[in-house]
Amino acid sequence: MRRLTTLAGAAALLGSATGALAQQQSGGPPVEANFPNGPGKQTVVGVCGACHDLVRLTAGYTPEGWLSVTAMMRNFGAPVPAEEWDTVRAYLIRSFPERPRPEARLLPGPAQVFIMQWPLPTPGSRPHDPMVAHDGAIWWTGQLANKLGRLDPQSGQMREYPVNAQSAPHGLVEDKDGNVWFTGNFRGFIGRLDPRSGDVKEYSLPDARARDPHTIVIDHDGIIWFTVQVGNFVGRLDPATGDIKLAQPPTANARPYGIAVNSKNQIYFVEFGALKIATIDRNMHIEEFELPDPAARPRRIAITPDDQVWYTDFARGYLGHFDPASHKVEEFASPSGPKSKPYGIVATKGALWYVESGAQPNAVVRFDPNTRTFQSWAIPGGGDIVRNMTVDHDGNPIMANSLVNMVGRVEIKSGTN
């Protein structure tokens, strides 16, 4: 969701939807010309059209999904008068039901799992990325609540930490001292939260084009690395000095996305806007490796203990494997098909675990690289939508489920390495 750059400007459109009503769709009639008439239409067109491509609305959601989406927008200050939110929500539910999605294909196999989920305290917080701290706590970024959250999975106790308005925290990682570092996705900074005091320090990125820091990792030396998707950068931050360096990939509009570090302390990332996997070294030199299919759009990345690189091809519905030594690429069709939209992925217990975010319901998928076989499970409650994953200290995959406003754990019971 794009940034509400000026709420005052958007609020001006609330009283008059003229600007949004003039929006054209590739030379055709305005998108909103096909919107059903009824209470709430003018507010939806005026406010939503001020910040988003209105085509987004036509994709539709379930009633529960629209409840979550409108809560997200309310959290982030969408200029809708309080008394109009129920009308807006009813209009969206009535006008834009969820479109048909591919049915999840659930495959049997040797592993047994139990999926546990915890609802988050702030409705519509849009949990984006999860992280497991050294003490075993599960953290999440509440992107549209401007909060970071912490869950004690043993007791179920939660605590939320507010960050500055319009920060939209996205990715997060913990350093050796227990500080939580996060990307301020809407305001172009890297943040550091001290959980003991709740204090937040912001490190602004040195180039105005680097406006949307995205995913973040920490290497074996404690250096913070991060991607900047739309700005098309990869950056590093030295926590000891606060120094930030940025580099752009050779490919324009590459859109660096998922990022990971291997056992040799090498940084790999995928380019969602290009069909490429890339590395970046300490001198900020980037080397790109092209994938074989021009339609490939790698989104997230996982690295196994033997330093093999795996990625989810969101656009084509594939799990991909890149061998850093030979540069050979292998691809495996995801069980629920080309529209299954594989997204968050981790490597744990001898297998790759990822989520099909386009299937109904979302499915957790296990792929055994030795037998080259899949196994999958439906996420209770639908799962929508797992954008990123991590692993807890017991090797269990951890999920942040954005639309249903939960964090979850896939507890692996048996049948794995």
- If we ignore angles and hydrogens, is there a donor and acceptor under 3.5 Å between the side chains of Asp199 and Ser197? yes
- Query: Any idea how Trp310 and Phe367 line up, ring-wise: parallel (<30°), tilted (30 to 60°), or perpendicular (>60°)?
  - Reply: tilted
- Which residue, Thr215, Ile259, Val270, Val386, forms the side-chain contact (heavy atoms from CB on, under 4.5 Å) with Arg300? Thr215
- Asp306: side chain to side chain donor-acceptor pair (under 3.5 Å) partners, not counting sequence neighbours: Thr304
- Positive for ring pair (Phe, Tyr, Trp, His ring centres under 6.0 Å) with Trp181, one of Trp139, Tyr203, Phe189, Trp225: Tyr203
- Message: So which atom in Arg192 and which in Asn179 form the shortest heavy-atom distance, rounded to 0.1 Å?
- Response: CG-CB, 3.8 Å
- Message: Checking Val309 against Tyr268 for the side-chain contact (heavy atoms from CB on, under 4.5 Å) test, could you report, in this order, the C-alpha distance in whole Å, the side-chain angles of both residues, the deciding distance, and whether it holds?
- Response: CA-CA 8 Å; Val309 175; Tyr268 280 83; 4.1 Å; yes
- Who pairs with His327 by ring pair (Phe, Tyr, Trp, His ring centres under 6.0 Å), at least two apart in sequence or on another chain? Phe289, Phe322
- Give a yes or no on whether the backbone of Arg409 and the side-chain of Gln117 come within a donor-acceptor separation of less than 3.5 Å. no
- Query: Just wondering, do Pro239 and Asp175 contact through their side chains at under 4.5 Å, heavy atoms?
  - Reply: no
- CG of Asn253: more than 12 outside heavy atoms within 6.0 angstrom? no
- Message: For a quick test of reading the model, state the closest non-hydrogen atom pair linking Ser125 to Leu120 and the distance between them.
- Response: OG-CD1, 3.8 Å
- Decide, yes or no, whether a salt bridge links Asp238 with Arg236 under the criterion of side-chain N to carboxylate O below 4.0 Å. no
- Message: Just to verify, what does Asp394 make a salt bridge (Lys or Arg N to Asp or Glu O under 4.0 Å) with, not counting sequence neighbours?
- Response: none
- Message: Hydrogens and angles aside, do Ser334 and Ser336 bring a side-chain donor and acceptor to less than 3.5 Å of each other?
- Response: no
- Message: Run the side-chain hydrogen bond (donor to acceptor under 3.5 Å, both in side chains) test on Ser263 and Asp307 for me, step by step, so that the C-alpha distance in whole Å, both residues' side-chain angles and the decisive distance to 0.1 Å come before the verdict.
- Response: CA-CA 7 Å; Ser263 68; Asp307 289 334; 2.6 Å; yes
- Item | Polar contact flag, side-chain donor to acceptor under 3.5 angstrom, Arg299-Tyr343 | yes
- Taking atom CG of Leu237 and atom CD1 of Ile190, what is their separation to the nearest 0.5 Å? 6.5 Å
- By side chain to side chain donor-acceptor pair (under 3.5 Å) - contacts of Tyr318 (at least two apart): none
- Note on the structure: Residues at least two apart in sequence or cross-chain that pass side chain to side chain donor-acceptor pair (under 3.5 Å) with Glu160, listed by chain then number, are Thr122, Lys147
- Task: With sequence neighbours left out, write down each residue that passes side chain to side chain donor-acceptor pair (under 3.5 Å) with Arg297, or none if nothing qualifies.
- Result: none
- Message: Tell me whether Arg56 is salt-bridged to Asp53, with the criterion being a basic N under 4.0 Å from an acidic carboxylate O.
- Response: no
- Message: Below 30° counts as parallel, above 60° as perpendicular, anything between as tilted: where do the rings of His214 and His170 land?
- Response: tilted
- Can you tell me how far CD1 of Ile398 sits from CG of Asp392, rounded to the nearest 0.5 angstrom? 4.5 Å
- Message: Tell me if the aromatic rings of Phe374 and Phe332 count as close, with their centers under 6.0 Å from one another.
- Response: no
- Message: I'd like to check Gln375 versus Asp368 (side-chain heavy atoms, cut-off strictly below 4.5 Å). Are they in contact?
- Response: no
- Query: Between Asp207 (side chain) and Arg209 (backbone), is there a donor-acceptor pair under 3.5 Å?
  - Reply: yes
- Message: Quick one, Arg187 and Glu202 - any side-chain contact, counting heavy atoms below 4.5 Å?
- Response: yes
- Any donor-acceptor pair under 3.5 Å linking the side chain of Asn75 with the backbone of Pro123? yes
- Exercise: do Asp129 and Trp140 side chains pair donor with acceptor under 3.5 Å: no
- Query: Donor-acceptor pair, Ser340 side chain versus Gly358 backbone, under 3.5 Å?
  - Reply: no
- Message: I need the Tyr311 OH to Leu291 CG distance, nearest 0.5 Å.
- Response: 4.0 Å
- Message: Using a strict threshold of under 4.0 Å (side-chain N to carboxylate O), is an ion pair present between Glu103 and Arg105?
- Response: no
- Message: Has Arg126 got a side-chain atom pairing as donor or acceptor with Gln143's backbone, closer than 3.5 angstrom?
- Response: no
- Least distance between heavy atoms, Pro169 atom then Leu148 atom: CB-CD2, 3.7 Å
- Query: Do Gln229 and Arg255 meet the criterion of a side-chain donor-acceptor pair at a distance under 3.5 Å?
  - Reply: yes
- Find the distance between OG1 (Thr227) and CD1 (Ile267) and round it off to the nearest 0.5 Å. 11.5 Å
- Asp384-Asn401 side chain donor-acceptor pair, cut-off 3.5 Å: no
- Distance-only donor-acceptor check, side chains Thr279 and Gln266, under 3.5 Å: no
- Task: Measure across Cys48 and Leu57 and return the closest heavy-atom pair with its distance rounded to 0.1 Å.
- Result: CB-CD1, 4.2 Å
- Task: Decide whether Thr62 and Glu98 meet the rule of one side-chain donor and one side-chain acceptor closer than 3.5 Å.
- Result: no
- Query: Without hydrogens or angle criteria, can the side chains of Ser357 and Arg387 be said to hold a donor-acceptor pair below 3.5 Å?
  - Reply: no
- Lys/Arg N to Asp/Glu carboxylate O, Lys276 vs Glu288, below 4.0 Å: yes
- Among Thr70, Val69, Val80, whose side-chain contact (heavy atoms from CB on, under 4.5 Å) with Arg89 holds? Thr70
